[in-house]
K.L.:
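I'd like to ask some things about the structure below.
Numbers for residues simply follow the sequence, beginning at 1.
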Amino acid sequence: MEYIDERDVNVFIDGSSLSSPRRGGVGIVFVTEGADGHWREEPYEVAGFTSATNNQMEIQACIEALRAITRGWAPVDVDGYRKVVFWTDSQYLVTGFGSARFSWPGTRWLTRDGNPVANTGQWKELMRLVNRVGRSVDFQWVKGHKNSLFNKRADKLARASAKGDALQGPLDLRKVRRKKTTEKVQRGIVEMLGQQLTVRLVEETDQPDQGLVRFKYEVMTKRSAYFGRVDYVWAERGTPLRAGHTYRVRMNRDTRAPRIVKVLTEVQAQ
């Protein structure tokens, strides 16, 4: 069992993502010490989201809790408490929070590889709300679904949120099409050699903060060693590319930061 300090507002959060169709949910439980000396848990329910990933829901659970606190909607008033502590089983959220606070703003929200930080808009909103709480905000990792009663409560709420009838819209501008190959996406599986490739774009995600669009693509060039492989690549916003279409393109020479540098022609579907 994790150590909970009665001087803090402790918030247990979790995210959930379901497929077919993809939808996500968030779970939030506020935990404080009651007048009788026992822990008091108060759930805060939020409607789920369409087309959401698990990582998006982990961040969004924190955002929704911070919004509740800053807008006076939370079942707990943070005044009189030392700080707000978020408990999460998401390493992605814990490590990402540190980067969002200290590193990414100084790199124009690009990773060390030179690629856009995923879910930039959510990270920015999280940091904006953290700065409005008026209390120190900390994150603590807890092993999921093991010995933490409150983590289990948050997990249950997240799954119920994802399964709810009233869903909010998607959190990013993403267009998805069905793959023709049975291969799963593998980041960096296609080496960037400045080569020409015929690719079919199966997912399109706008990343306006960096002026780029991320594509998940499958290689359609039969003579290529990468035929049928699925990977990610970026292109500048405004490049004439759309999900569900097939193009002959030229790649760059940086596998760590893959880019489509030129669209040669659109290939008609066969």
K.L.:
Quick one: does any side-chain atom of T221 pair with a main-chain N or O of T198 as donor and acceptor, under 3.5 Å?
P.N.:
yes
K.L.:
Please round to the nearest 0.5 Å and tell me the distance separating atom SG of C62 and atom CH2 of W123.
P.N.:
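Separation between the atoms: 8.5 Å.
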K.L.:
Let me check something: do L18 and L167 share a hydrophobic cluster, defined by ILVMFWY side-chain heavy atoms less than 4.5 Å apart, either directly or through other members?
P.N.:
no
K.L.:
Taking Q91's backbone N and O only, do any of them form a donor-acceptor pair with T95's side chain (distance below 3.5 Å, no angle check)?
P.N.:
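Yes, T95 side chain to Q91 backbone: donor-acceptor pair under 3.5 Å.
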K.L.:
Would you say the side-chain atoms of Q122 pair up with the backbone N or O of Q56, donor to acceptor, closer than 3.5 Å?
P.N.:
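Such a contact is found between Q122 side chain and Q56 backbone.
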K.L.:
Knowing that exactly one of V78, D77, V137 qualifies, which makes a side chain to side chain contact (heavy atoms under 4.5 Å, CB included) with V9?
P.N.:
V78
K.L.:
Side chains of D79 and R135, heavy atoms from C-beta outward: is any pair under 4.5 Å?
P.N.:
yes
K.L.:
Take the angle between the ring planes of F86 and F139 and call it parallel below 30°, perpendicular above 60°, tilted in between.
P.N.:
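Rings of F86 and F139: parallel, under 30°.
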K.L.:
Which distance, rounded to the nearest 0.5 Å, do you find between the CZ of R187 and the CG of D113?
P.N.:
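R187 atom CZ to D113 atom CG measures 6.5 Å (nearest 0.5 Å).
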K.L.:
Rounded to the nearest 0.5 Å, what separation is found between the OG atom of S161 and the CE atom of M57?
P.N.:
8.0 Å
K.L.:
For a quick test of reading the model, state the closest non-hydrogen atom pair linking F30 to A65 and the distance between them.
P.N.:
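In terms of heavy atoms, the two residues are closest at CZ-O, 4.1 Å.
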K.L.:
Between T255 (side chain) and M192 (backbone), is there a donor-acceptor pair under 3.5 Å?
P.N.:
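Flag set: sc T255 to bb M192 pair under 3.5 Å.
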K.L.:
Can you run down the side chain to side chain donor-acceptor pair (under 3.5 Å) pairs that involve residues 21-35, sequence neighbours left out, and say none if there aren't any?
P.N.:
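Listed by first then second residue: T32-R40.
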K.L.:
With the side chain counted from C-beta on, respond yes when Y226 and I189 share a heavy-atom pair under 4.5 Å apart, and no when they do not.
P.N.:
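Heavy-atom side-chain distance check fails, nothing below 4.5 Å.
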K.L.:
Hydrophobic clusters here meaning ILVMFWY residues chained together by side-chain heavy-atom distances under 4.5 Å, can you tell me if V117 and V233 are in one?
P.N.:
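No, no single cluster joins them.
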K.L.:
Side-chain contact test, heavy atoms from C-beta onward, threshold under 4.5 Å: evaluate it for L157 versus I28 and give yes or no.
P.N.:
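L157 does not reach I28 side chain to side chain.
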K.L.:
Checking the side chain of E204 only, and the main-chain atoms of V176 only, is there a donor and an acceptor separated by less than 3.5 Å?
P.N.:
no
K.L.:
Judged by modelled atom types alone, do R259 and N115 share a side-chain donor-acceptor pair under 3.5 Å?
P.N.:
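Judged by distance alone, the side chains do pair up.
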K.L.:
Do the side chain of R250 and the main chain of G194 share a donor and acceptor less than 3.5 angstrom apart?
P.N.:
yes
K.L.:
For P258, is there any backbone N or O sitting under 3.5 Å from a side-chain donor or acceptor partner on N252?
P.N.:
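No.
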K.L.:
So which pairs with a foot in residues 45-61 pass salt bridge (charged side-chain N to carboxylate O under 4.0 Å, His left out), sequence neighbours left out?
P.N.:
none
K.L.:
Could you give the distance from CE (M251) to CG (L197), rounded to the nearest 0.5 Å?
P.N.:
5.0 Å
K.L.:
How far apart are the closest heavy atoms of P105 and S99, and which atoms are they?
P.N.:
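That would be CD-O, 3.8 Å.
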K.L.:
Assess the side chains of Q186 and D231: does a donor N or O sit below 3.5 Å from an acceptor N or O?
P.N.:
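Checked: Q186/D231 side chains show no N/O donor-acceptor pair below 3.5 Å.
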K.L.:
Using side-chain heavy atoms (C-beta onward) and a distance below 4.5 Å, is F150 in contact with V142?
P.N.:
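When only atoms from C-beta onward are counted, V142 and F150 do not touch, as no gap falls below 4.5 Å.
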K.L.:
If we ignore hydrogens and angles and just use 3.5 Å, is the side chain of T88 paired with the main-chain N or O of S90 as donor and acceptor?
P.N.:
yes
K.L.:
Is the number of heavy atoms from other residues, nucleotides or ligands within 6.0 Å of CZ (R237) greater than 12?
P.N.:
yes
K.L.:
Using a 4.5 Å cut-off on heavy atoms from C-beta on, say whether the side chain of V11 contacts that of V85.
P.N.:
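Not in contact.
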K.L.:
What is the minimum heavy-atom distance between D14 and A158, and which atoms define it?
P.N.:
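Distance-wise, the nearest heavy atoms are O-CB, 3.7 Å.
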K.L.:
Is there a donor-acceptor pair closer than 3.5 Å between any side-chain N or O of E218 and the backbone N or O of T181?
P.N.:
yes
K.L.:
Using a 6.0 Å cut-off, check whether atom CZ of R128 has over 12 heavy atoms from anything other than its own residue.
P.N.:
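Enclosed.
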K.L.:
Determine the minimum heavy-atom distance between R178 and R200, stating which atoms define it.
P.N.:
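Scanning both residues, the minimum pair turns out to be O-NH1, 2.8 Å.
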K.L.:
Do Y217 and V263 share a hydrophobic cluster (ILVMFWY, side-chain heavy atoms under 4.5 Å, transitive)?
P.N.:
yes
K.L.:
For the CD1 atom of I59 and the CG atom of N54, what is their distance to the nearest 0.5 Å?
P.N.:
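Output value for this atom pair is 10.5 Å.
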K.L.:
Given side chains that start at C-beta, do those of T120 and Q210 come closer than 4.5 Å, heavy atoms only?
P.N.:
yes
K.L.:
Check the side chains of D5 and Y81 for a donor-acceptor pair under 3.5 angstrom, ignoring hydrogens and angles.
P.N.:
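Not at all, the side chains of Y81 and D5 share no donor-acceptor pair under 3.5 Å.
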K.L.:
For atom NZ of K175, decide whether the heavy atoms of other residues, nucleotides or ligands shown that lie under 6.0 angstrom number more than 12.
P.N.:
no
K.L.:
Would you call T53 and R174 a side-chain contact if the rule is heavy atoms closer than 4.5 Å?
P.N.:
yes
K.L.:
Heavy atoms, side chains only, cut-off 4.5 Å: are L264 and Q196 in contact?
P.N.:
yes
K.L.:
What closest approach, in Å, do R248 and V267 show between heavy atoms, and which atom pair accounts for it?
P.N.:
N-CG2, 3.9 Å
K.L.:
Shared ILVMFWY cluster between L93 and L66, side chains joined below 4.5 angstrom?
P.N.:
yes
K.L.:
Ignoring hydrogens and angles, tell me if any N or O in the side chain of D8 forms a donor-acceptor pair with the backbone of N10 under 3.5 Å.
P.N.:
no
K.L.:
Fit a plane to each ring of W234 and Y232, take the angle between them on a 0 to 90° scale, and name the class: parallel (under 30°), tilted (30 to 60°) or perpendicular (over 60°).
P.N.:
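Plane angle between 30° and 60°, so tilted.
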K.L.:
Once you round to the nearest 0.5 Å, how far does OH of Y247 lie from CG of L241?
P.N.:
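Rounded to the nearest 0.5 Å, the OH-CG separation comes to 5.5 Å.
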K.L.:
Is there a chain of hydrophobic side chains (I, L, V, M, F, W, Y, each step under 4.5 Å between heavy atoms) that links W73 to L129?
P.N.:
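Same cluster: W73 reaches L129 through Ile, Leu, Val, Met, Phe, Trp or Tyr contacts under 4.5 Å.
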K.L.:
For the pair W87 and F12, name the ring-plane relationship: parallel under 30°, tilted 30 to 60°, perpendicular over 60°.
P.N.:
parallel
K.L.:
Tell me whether K83 is salt-bridged to D138, with the criterion being a basic N under 4.0 Å from an acidic carboxylate O.
P.N.:
yes
K.L.:
Surrounding NZ of K156 (heavy atoms of other residues, nucleotides or ligands, distance under 6.0 Å), is the total greater than 12?
P.N.:
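Counting other residues, nucleotides and ligands, NZ of K156 stays at 12 neighbours or fewer.
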K.L.:
Determine, step by step, whether K124 and D209 satisfy the salt bridge (Lys or Arg N to Asp or Glu O under 4.0 Å) criterion, reporting the C-alpha distance in whole Å, the side-chain angles of both residues, the deciding distance to 0.1 Å, and the verdict.
P.N.:
CA-CA 10 Å; K124 286 185 173 182; D209 291 280; 2.8 Å; yes
